[in-house]
Amino acid sequence: ESAPGQVVRVAPDGERTALPVPFPGGVVARGNRVLVAAYSTAPARGLDPEHPRQSSGQIWRLRFPD
């Protein structure tokens, strides 16, 4: 099971393209570069009780398909 969340690009014509991002918390877009904070709002115990610090936050660079 994957964590909830997605980032959606909306084209000028209204077409939407979604990419899955687990627990997104912030997005920065500059030109064609998109950075998003992933796992930033994960539960304090983490996603996996056996490895509680496994999901302490990450920055992802997204590339939407053309």
Side-chain angles (χ1 to χ4, degrees):
E1 179 179 330
S2 65
Q6 63 183 0
V7 173
V8 180
R9 177 182 70 175
V10 180
D13 66 0
E15 180 180 351
R16 296 171 189 269
T17 305
L19 293 176
V21 177
F23 297 105
V27 176
V28 173
R30 291 189 178 160
N32 292 331
R33 189 173 192 171
V34 178
L35 301 172
V36 61
Y39 296 109
S40 60
T41 58
R45 62 172 169 61
L47 296 176
D48 181 354
E50 304 247 344
H51 303 93
R53 303 212 181 265
Q54 180 180 15
S55 57
S56 61
Q58 301 173 359
I59 300 296
W60 289 14
R61 180 176 54 186
L62 301 182
R63 294 185 184 180
F64 286 91
D66 292 328

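Nothing fancy with the numbering, it's 1 onward along the sequence. Being a predicted model, the structure only gives us computed values, none of them experimental.
Looking at every heavy atom in both residues, R63 comes nearest to L19 through O-CD1, 3.8 Å. When all heavy atoms are compared, the tightest approach of P24 to G5 is CD-CA, 3.7 Å. Among all heavy-atom pairs drawn from V34 and F64, the shortest one is CG2-CE1, 4.5 Å.
Hydrophobic clustering, with ILVMFWY side chains joined whenever heavy atoms are under 4.5 angstrom apart, groups W60 together with V27.
Residue V28 is found outside any hydrophobic cluster, as its side-chain heavy atoms come under 4.5 Å of no other Ile, Leu, Val, Met, Phe, Trp or Tyr.
Residues V21 and Q6 fail the side-chain proximity criterion, which asks for heavy atoms closer than 4.5 Å.
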